[in-house]
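Nothing here was measured: the structure is a model prediction, and the numbers come from that model. We use all heavy atoms of the structure for the numbers below, so side chains are in, but hydrogens, waters and symmetry mates are not.
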Protein chains: 2
Amino acid sequence: MAATKRLTQRDIARLAGVSQATVSLVLNGAVSAEGRIPQETRERVNKVIRETGYVADPVARRMAKGLNRILGVFTYEPAFPSAQADFFTPFLLGIEEAAQELGYDLLLLTGAAAGKQRKIFGNNTRLRLADGCLVLGREFDRDELARLVAGDYPFVAVGRRDDAGGPVPYVGSDYASATADLVDQVRRLGHTRIAYVGPSEGAESTIDRWAGFSGAIAGLHVVAHIPDVGQRGDKNLDFLLASGATAVFFTELADAIEVEEAARRRGIEVPDALSIVVLGNHIRAEKPGRRFTSFSIPREAMARGATEMLVRRVEQNAPIEQILLQCDPVEGETLGPAHRTSLKTRP
Amino acid sequence: MAATKRLTQRDIARLAGVSQATVSLVLNGAVSAEGRIPQETRERVNKVIRETGYVADPVARRMAKGLNRILGVFTYEPAFPSAQADFFTPFLLGIEEAAQELGYDLLLLTGAAAGKQRKIFGNNTRLRLADGCLVLGREFDRDELARLVAGDYPFVAVGRRDDAGGPVPYVGSDYASATADLVDQVRRLGHTRIAYVGPSEGAESTIDRWAGFSGAIAGLHVVAHIPDVGQRGDKNLDFLLASGATAVFFTELADAIEVEEAARRRGIEVPDALSIVVLGNHIRAEKPGRRFTSFSIPREAMARGATEMLVRRVEQNAPIEQILLQCDPVEGETLGPAHRTSLKTRP
DNA sequence: ACAAAACGCTAATACGTATTAGCTGTTAAT
DNA sequence: ATTAACAGCTAATACGTATTAGCGTTTTGT
């Protein structure tokens, strides 16, 4: 079947006039002190390897040694649709850079398509092909996560994850603190009536933002909460204005953009009449529009950190860690003092 | 280290009172007709499998089968920095989808490299980790391509490639025909004086566009050709107007956008006073501006096709194929009849 | 009743690498 | 001179699965 036979160590051995074992010994470093193979032989073998472009079969490697210096990457949503691409691209960049530095290759595990969401554990799990696995996605399958936690296969999640029958190793970012900091800033600017546009439950990232928000609102009035995302800007704006809010927190940049545009059309000044805060940044969209007050998610650093953690677990069997990285505040130009708006009359 | 030894078929066999071979036969479907194992035995084995939660080790599976079911994805430019991401993302999406359907995982060789252009050979013998490899990028290294063609490692290029010491297997798209169709359309609309903004040589995609253009211009006057890309829109517009062209072909969307904006600023109507045609589409940028008349490059389909072709080559040793996909026309709103402009006086 | 066929299963082996035990020939030690 | 040590290699085996050849037993055909 297979088009062309793969080169094997036996082939190399024949060409170099040594045994397969010798080829393996030469390949696996074994400082000339260790395995006692003279420089001359090493060079003869290496020459053949160079000339033929031989590389050890990673599958056989993993079979024999249990390690193949490959890290798996599993994404719960397809990694590259343009809608998702913005989401995964910075993570992949960070993973790739870290993996390269650490001497690992990356295997994108395509998993099993199971309707809308993918599955790691399909009929034939390919999970163990790599030495360990990074898992990313907006929303994880809780049962699968529990299976991963229960198993002994090394993995690390990118993004915080709740316990799933045990602690989940992850490198995430601290949405809660970052959100709380923005709330504090809003308070310091004199706002008392605030609103929240975005869900309060769902994935961990959602929960964290809401937790940071609701844990920091002492002394403030949450006069509106619109849990639905993706509604028309005008409708949202109507509701927000009616509530008397002077500062609004958005979980979705797209919603913020719509409301800001609606406000601009009506001559409502941002931030003079209405302050807008976005809980996180997107990669794009920085260009054209308004620069929103928000915080930046250190996606690349998360990915690097997760990769390094995974390698620690693979190579040194390091204990499970859970790391949260800070989100840097983005000052933007959509948050201002609450002066004028505090005069607004209420029905 | 590992908490508990992994279950193997031997364990299952012992528990079910059969041999390892029987377990394997039961696992691998083998319709009850095929391998002649009675229902009763099957059920006994399956029961144990269910109770223990056994899953076959994918590494050993692939080892035994002789195929790793891994496809390499090599890009000549780093794929994930956001600058390049727009270019590669749709291709990667197509590859990912096709690979998933075909049961392959993807080895990502898409990272940064030492030099300016990345090399397949040299350090990156790692390509051979995979069963075969997809190669993509704006510009290929000709020598490397020749080496690939000469070697017996299965690969397929995404995008048409000239022969390199032999035919290169590829799935590309037919820029020449698509461009020629646009030229015909322009002619039918009464234009006689046309211009071309973009290089006439370089990578295959460039050459194909130019070939399609110059092969279809019978009866038309090419009154301007600006081979340089990325110039200021005003400068280009000056030149184009001075030439008396009524329809302009752009290879780069960015150039077209600049010229269109410059025209708008000066009150020159598009397409009434000047028709603009773009030879290909970009993923983004559809949103904000003008919808240009152009053709759409079936990037995802190209990638899918290339992946399928590669799998054919890997699994069935299929012969080299070269496939060009059609580009669908995009009507847009920047190409119109040449009425008014034909009145333009010439110096 | 006896050979032939069918059935139900297993032993043996291949896959490509890593690794350990051990073999051969040379050199050093006593 | 004999033994011991050592250098330089190789044979053999394990890893877990898929697969083929084939073995013993039962059924079928005549």
If the threshold is 4.0 Å, N to carboxylate O, is there a salt bridge linking B:D131 and B:R62? no
One thing to verify: whether B:R50 and B:E43 come together as a salt bridge, which I'm taking to mean a side-chain N less than 4.0 angstrom from a carboxylate O. no
What is the distance from atom OG1 of A:T22 to atom CD of A:Q9, rounded to the nearest 0.5 Å? 10.0 Å
Between A:E51 and A:K47, is the closest basic N to carboxylate O distance under 4.0 Å? yes
Got a sec, which residues hit salt bridge (Lys or Arg N to Asp or Glu O under 4.0 Å) with B:R142, two or more places apart in sequence or on another chain? B:E204
With a 4.0 Å cut-off on heavy atoms, is B:V59 in touch with a base, just the backbone sugar-phosphate, or nothing at all? nothing
Angle between terminal axes - the helix from C:dA1-D:dT30 to C:dT30-D:dA1, 5 pairs each end, rounded to 10°: 60°
Could you tell me if the side chain of B:P58 sits less than 4.5 Å from the side chain of A:L127, heavy atoms only? no
Between the protein and nucleotides 14-21 of chain D, list every N/O to N/O distance that falls short of 3.5 Å.
{"residue": "D:dT17", "atom": "OP1", "partner": "B:Y54", "partner atom": "OH", "Å": "2.4"}
{"residue": "D:dT17", "atom": "OP1", "partner": "B:D57", "partner atom": "N", "Å": "3.2"}
{"residue": "D:dT17", "atom": "OP2", "partner": "B:Q9", "partner atom": "N", "Å": "2.7"}
{"residue": "D:dA18", "atom": "OP1", "partner": "B:N28", "partner atom": "OD1", "Å": "3.3"}
{"residue": "D:dA18", "atom": "OP1", "partner": "B:R61", "partner atom": "NH1", "Å": "2.9"}
{"residue": "D:dA18", "atom": "OP2", "partner": "B:Q9", "partner atom": "NE2", "Å": "3.1"}
{"residue": "D:dA18", "atom": "OP2", "partner": "B:S24", "partner atom": "OG", "Å": "2.9"}
{"residue": "D:dA18", "atom": "OP2", "partner": "B:N28", "partner atom": "ND2", "Å": "3.2"}
{"residue": "D:dA18", "atom": "N7", "partner": "B:Q20", "partner atom": "NE2", "Å": "3.3"}
{"residue": "D:dA18", "atom": "N6", "partner": "B:Q20", "partner atom": "OE1", "Å": "3.3"}

May I ask you to say whether A:D163 pairs ionically with A:R161, meaning some side-chain N is under 4.0 Å from a carboxylate O? no
Gap separating the CE atom of B:M309 from the CD atom of B:E321, nearest 0.5 angstrom: 4.5 Å
Rounded to the nearest Å, what distance is computed from the CD1 atom of residue A:I37 to the P atom of nucleotide D:dT10? 8 Å
Rounded to the nearest Å, what distance is computed from the CZ atom of residue A:R44 to the P atom of nucleotide D:dG8? 12 Å
